[in-house]
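Have a look at the structure below, then the notes.
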Amino acid sequence: MKIKASRLADTVHRTQATISFADDDGQKQSQEITILFRGMSPRVSRDLLAAQIGDTDRVEMARFLAAAVRELPEVVDEDERPVPVTFEFFDAMEIANLTAIFNAVQEGYNPNA
């Protein structure tokens, strides 16, 4: 069986996290969302090492997630289009949600840690 090189590089993995938000009535809601993230590669590993993320360094968490996360399918804009997962998006996010997404991606990279 031959394996196409594209199947070995730039892979996408899936995990989930529970986030909180205010609904249209201002009531706090929680929902589990899907996170599609890049597979671990030397490039992603360099991004992670370059970030040197500590437990309280939320800016570096946002920077890393912008590089690692491909899509949050359930998170859409006002026109129901997928939201671009950029540094600015993660940087503006509430810390509890940022941390939940970061921890889920970290668990995806290190499932036995």
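Listed by chain and residue number, Phe87, Phe90, Asp91, Leu98 satisfy the side-chain contact (heavy atoms from CB on, under 4.5 Å) test with Ala62 (two or more places apart in sequence, or in another chain). Under the side-chain contact (heavy atoms from CB on, under 4.5 Å) criterion, Gln16 pairs with Glu32, Thr34, not counting sequence neighbours. Scored by the side-chain contact (heavy atoms from CB on, under 4.5 Å) test, Asp79 finds Asp77, Arg81 as partners (sequence neighbours excluded). For Arg70, the side-chain hydrogen bond (donor to acceptor under 3.5 Å, both in side chains) partners at least two apart in sequence or on another chain are Asp10. Scored by the side-chain contact (heavy atoms from CB on, under 4.5 Å) test, Lys4 finds Ser6, Arg7 as partners (sequence neighbours excluded). Here Asp23 pairs with nothing under the salt bridge (charged side-chain N to carboxylate O under 4.0 Å, His left out) rule; sequence neighbours left out. With sequence neighbours left out, the salt bridge (charged side-chain N to carboxylate O under 4.0 Å, His left out) criterion links Asp25 to no other residue.
Other residues sharing a hydrophobic cluster with Leu36 under the 4.5 Å side-chain heavy-atom criterion for ILVMFWY residues are Val12.
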Q.
Could you go through Phe64 and Val105, starting from their C-alpha distance and side-chain angles, then the distance that decides it, and tell me whether this counts as side-chain contact (heavy atoms from CB on, under 4.5 Å)?
A. CA-CA 10 Å; Phe64 178 75; Val105 171; 4.3 Å; yes
Q: Step by step, work out the side-chain contact (heavy atoms from CB on, under 4.5 Å) result for Val85 and Leu65.
A: CA-CA 8 Å; Val85 285; Leu65 289 175; over 6 Å; no
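Pairs passing the ring-ring contact (aromatic ring centres under 6.0 Å, His included) check and including a residue from residues 22-41, sequence neighbours excluded, read His13-Phe37, Phe37-Tyr109.
A continuous path of Ile, Leu, Val, Met, Phe, Trp and Tyr side chains, each step under 4.5 Å between heavy atoms, connects Val83 with Met61, placing both in one hydrophobic cluster.
Of the inter-residue distances, the one linking Gln106 atom CD with Thr15 atom OG1 reads 11.0 Å to the nearest 0.5 angstrom. With values rounded to the nearest 0.5 angstrom, Thr99 atom OG1 is found 10.5 Å from Met93 atom CE. The CD1 atom of Ile19 lies 6.5 Å from the CD atom of Gln31; values are rounded to the nearest 0.5 Å. Here the straight-line distance linking atom CD of Glu71 with atom CZ of Arg14 works out to 9.0 Å at 0.5 Å rounding. In this structure, CD in Gln29 is found 7.5 Å from CD in Gln27, a value given to the nearest 0.5 Å.
Closest of all the heavy-atom pairs between Leu72 and Ile101 is CD1-CD1, 4.4 Å. Smallest separation of non-hydrogen atoms from Ile35 and Ala104: CD1-CB, 3.8 Å. The two residues Ala17 and Ala100 come nearest to each other via the heavy atoms CB-O, 3.7 Å.
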